[in-house]
Amino acid sequence: MAQKPSIPKGTRDFSPAEMVRRNYIFDSIKEVFQRYGYMPIETPAMENLDTLLGKYGDEGDKLLFKILNSGDFLRKADESLLARKDSNAIAGQISEKGLRYDLTVPFARFVVQHQNELSFPFKRYQIQPVWRADRPQKGRYREFFQCDVDVVGSDSLFNEVELIQIVDEVFQKLGIRVVIKLNNRKVLAGIAEIIGEASRLTDITVAIDKLEKIGLEKVNSELSEKGLSDEAIEKLQPILSLSGSNAEKLVKLGEILAESEVGTKGVDELNEVLTIIDALNVETGVELDLTLARGLNYYTGAIFEVKAIDVEIGSITGGGRYDDLTGIFGLKDVSGVGISFGADRIFDVMNQLELYPPEVTVTTQLMFVNFGPKEGAHCLKLAGDLRKSGLKVEVYPDSAKMKKQMTYANKKNIGFVALVGEEEINNGVVTIKNMETGEQKSVKPEEITSVIG
RNA sequence: GUGAAUGUAGCUCAGUUGGUUAGAGCGCCAGAUUGUGGUUCUGGAGGUCGCCGGUUCGAAACCGGUCUUUCACCCCA
C-alpha cells in the first residue's frame, strides 16, 4: 500500500456528522454571548513571538509552536550559537512568529493596539483555535478551540457575576450538568502572607491545586519538597481542611486572613459575588473552592473553573480576573475579566452523554430522485420553490440506478424522497416517500411542505 | 520534557512454541429485485501485518531504531 497520508500528532479532522454537532455547540455558546452584549472579534493564528513569550510562565513558553522565518534564515543566525547546537538560543534568531497559545493574550494585544477605537468597558467574544505543543492525552489536543468572553475596562464585580450567569445559561442550554468552582487569587496571596511565605505563592498554589487529586498528605510532602517550612505547612492545614457552606467557609476564612490586607480584600470580593449570585436565578451550583489555583499567573482576582458532573475530563471552562494584562503591552490600569469555554472538551462530553437534540443531525429534508435529464430539470424547478419556502432540499445529480439513489438518501438520513418520473409530470403530481415508515403518496407540489412538515 | 503500553482489510479485532496460500464480523461493490433504501440470500473486491534495519533455512510473531495512537507524570481547555 502506498504511504497513507496523515495529520500532525494531536490534531483531528472533523467529518460532516461531527461538524454539525460542533456547530451546534458553537452556535449555542455564541447565542448566549450575544444576549449579554458581547461582540465578536478575530485575531491572526500567528502572533509575533515577543507578544507570546513570557506570558504563560516557563512551562508555557516551552509549549509554544514557533514558526520558522522565511528565506535563508540560517545564514543570518549567530555562528557560535549554531555550533553549540543550543536549540533554545537559536530559536530566537530563526523564528520571530508563533501560533497563538490562547485567546486572552492576543486579545490584550488587540485592546492595546486598538485602544483609541474601542469604547470601554469593551465586551468581546472570540471563537478560534489555539495551539499547544503539548503531548496529547485524553481531552488534550495540540490544536483545539477556545470560546472566550472577556470584559476589559471595568473593575465592577458585576462582570464576574455576569460571567457566572453566562456559564449557567450555556451549560443549561447544552444540557450538561456542571459545578462552578470559584476562588480568588487575593485570598491565595493572603494565605501565603499569613503563613509567612508570601514569595512562594506560585509553588503553594500549584501544590494545593492538586488536593482533590492526590490528597492532603501528598500535597504537604510536595510543599515541603518545594522548601516550605514545617511551620508554614502547619499553619496551612486549617485552611486546606475548611468545610461547610460557602458562607461558613467565608466567615472562617475572614477570621484567618484578618491580618492580611489582600486576603481580606479577596474574602470581601468573594462575599460580594456570592451574595449577588444568591439573589439571582442561577441554577448551577457555585462552590467556593480554596484549592482552585489555575496555572495562568496573570490572574489577580476571581478565578473560575467549571467541571462536568457526569464525565471525568478535567475542567471544561475556566477563567478569571487579570488586573494588568494590558500593562505588559503598555496600557496601564485596564482591568479585565474573562472565561474560556473549552469547545473540544465540551464536544467530548456531549458525545459521551449523547446530549444532542435530534433535530441537530437533520440535514437534507427532502431528496428528489433523478430519473433522467428531462425529469431532473423538472425537479430542479420544484426543488427551487421548496427551498424558497425554507426546506432543505437536494436533487440527486446523476440519473443513477434507483437503488443507488435510495441508498444515498438512506445513508444521509434524509427523511423524505420525492419520485417524479414521466407519469408524475404528466399528472402534475409528486410521489413522496417517507423513508422511515416506507409509506408513500402522490401529492400536488404545493402540498409537499405540509406532508414533510 | 519523563515513564509505559499499542499498531494486522475502510472499521472493530482473531492469528497457537517462529513453519507452506494471514482470518472473522461489520462496511464496501455486484446480483437476486431494468421506478424503491433500511430486512434477507448469493457472489466479489480489498492486506509488502505502521515504517526501517537485524537475528533465522524461514518473521505478522523475536531484537533494535523510528513514527502513530493511548495512558500516567509535569503542566493544562
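In what follows, every heavy atom counts, from backbone to side chain, and hydrogens, waters and symmetry copies are set aside.
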How many whole angstroms separate atom [atom1] of [X] from atom [atom2] of [N]?
X      : N     : atom1 : atom2 : result
A/Y299 : B/A77 : OH    : C1'   : 10 Å
A/I214 : B/A72 : CD1   : P     : 15 Å
A/E439 : B/G37 : CD    : P     : 17 Å
A/E375 : B/U36 : CD    : P     : 15 Å
A/D209 : B/C76 : CG    : P     : 8 Å
A/M435 : B/G35 : CE    : C1'   : 14 Å
A/K210 : B/C76 : NZ    : P     : 9 Å
A/E305 : B/C75 : CD    : P     : 14 Å

query = A/N370 side chain to A/P397 main-chain N or O, any donor-acceptor pair under 3.5 Å?
reply =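 A pair under 3.5 Å: yes.
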query = Hey, does the side chain of A/D168 reach the backbone of A/V282 with a donor-acceptor pair shorter than 3.5 angstrom?
reply =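 Such a contact is absent between A/D168 side chain and A/V282 backbone.
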What interatomic distance, in whole Å, is found between [atom1] of [M] and the corresponding atom of [N]?
N     : M     : atom1 : value
B/U39 : B/U70 : C1'   : 38 Å
B/G7  : B/U16 : P     : 13 Å
B/C29 : B/U68 : P     : 33 Å
B/A60 : B/C49 : P     : 7 Å
B/U55 : B/A45 : P     : 38 Å
B/C63 : B/A4  : P     : 15 Å

inquiry  = Do A/Y356 and A/N351 pair up side chain to side chain, a donor and an acceptor below 3.5 Å, judged on atom types alone?
reply    =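 There is such a pair between these side chains.
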ask   = Looking just at side-chain N and O atoms, do A/Q126 and A/T43 make a donor-acceptor pair shorter than 3.5 Å?
value =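 The criterion, which ignores hydrogens and geometry beyond distance, is satisfied for A/T43 and A/Q126.
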Name the atoms and distances for all side-chain donor-acceptor pairs under 3.5 Å in residues 337-346 of chain A, with sequence neighbours left out.
{"from": "A/S340", "atom 1": "OG", "to": "A/D148", "atom 2": "OD1", "distance (Å)": "2.7"}
{"from": "A/D344", "atom 1": "OD1", "to": "A/R12", "atom 2": "NH2", "distance (Å)": "2.5"}
{"from": "A/D344", "atom 1": "OD1", "to": "A/R22", "atom 2": "NH1", "distance (Å)": "3.2"}
{"from": "A/D344", "atom 1": "OD1", "to": "A/R22", "atom 2": "NH2", "distance (Å)": "3.2"}
{"from": "A/D344", "atom 1": "OD2", "to": "A/F145", "atom 2": "N", "distance (Å)": "2.5"}
{"from": "A/R345", "atom 1": "NE", "to": "A/G139", "atom 2": "O", "distance (Å)": "2.8"}
{"from": "A/R345", "atom 1": "NH1", "to": "A/S315", "atom 2": "O", "distance (Å)": "2.9"}
{"from": "A/R345", "atom 1": "NH2", "to": "A/G139", "atom 2": "O", "distance (Å)": "3.2"}

inquiry  = Using a distance-only criterion (donor-acceptor N/O pair, under 3.5 Å, no hydrogens), is the base of B/G1 paired with the side chain of A/E59?
reply    =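 For A/E59, whose side chain was compared with the base of B/G1, there is no donor-acceptor pair (under 3.5 Å).
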query = Going by modelled atom types, is there a donor-acceptor pair between the base of B/U2 and the side chain of A/R135 at under 3.5 Å?
reply =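 Side chain to base: pair found, below 3.5 Å.
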message = Using a strict threshold of under 4.0 Å (side-chain N to carboxylate O), is an ion pair present between A/D385 and A/K381?
response =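 Yes, charged N to carboxylate O under 4.0 Å.
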ask   = Do A/R35 and A/E31 meet the salt-bridge criterion of a basic N to acidic O distance under 4.0 Å?
value =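 Counted as a salt bridge, because a side-chain N and a carboxylate O are separated by less than 4.0 Å.
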ask   = Reckon A/K9 has a side-chain N or O less than 4.0 Å from the OP1 or OP2 of B/U68?
value =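 So the side chain of A/K9 is within the cut-off, an N or O lying under 4.0 Å from OP1 or OP2 of B/U68.
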May I ask you to list the residues of [range], by number, that have any heavy atom positioned under 4.0 Å from an atom of RNA chain B?
range                       : answer
residues 137-146 of chain A : A/Q137, A/K138, A/G139, A/R140, A/Y141, A/F144, A/Q146
residues 401-414 of chain A : A/K401, A/M402, A/K403, A/M406, A/T407, A/N410, A/K411
residues 17-29 of chain A   : none

Does [X] reach the side chain of [Y], with side-chain heavy atoms less than 4.5 Å apart?
X      : Y      : answer
A/L355 : A/I176 : yes
A/Y56  : A/V105 : yes
A/N413 : A/T363 : no
A/M435 : A/M406 : yes

Option passing ring pair (Phe, Tyr, Trp, His ring centres under 6.0 Å) with A/Y396 (candidates A/F371, A/Y408, A/F368) =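 That would be A/Y408.
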request  = Using the six-membered ring wherever Trp is involved, compare the ring planes of A/F110 and A/F122 and label them parallel, tilted or perpendicular (cut-offs 30° and 60°).
outcome  =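 Judged by the thresholds at 30° and 60°, the geometry between A/F110 and A/F122 is parallel.
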message = Taking Watson-Crick (N1-N3 plus N6-O4 or O6-N4) and G-U wobble (N1-O2, O6-N3), each under 3.5 Å, can you produce the dot-bracket string of RNA chain B? Use [ ] for crossing pairs and | for inter-strand ones.
response = (((((.(..((((.....[...)))).(((((.......))))).....(((((..]....)))))).)))))....
task = Go through B/C75, B/U70, B/G35 for me and flag the one nearest to the A/E424 side chain.
result =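 Comparing B/C75, B/U70, B/G35 against the side chain of A/E424, the answer is B/G35.
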task = Find out whether the Lys NZ or Arg CZ of A/R132 is both under 6.0 angstrom from the six-membered ring centre of A/Y101 and within 45° of the ring's axis.
result =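 Yes, a cation-pi geometry.
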A/D50: salt bridge (charged side-chain N to carboxylate O under 4.0 Å, His left out) partners, not counting sequence neighbours =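 Residues passing salt bridge (charged side-chain N to carboxylate O under 4.0 Å, His left out) with A/D50: none at all.
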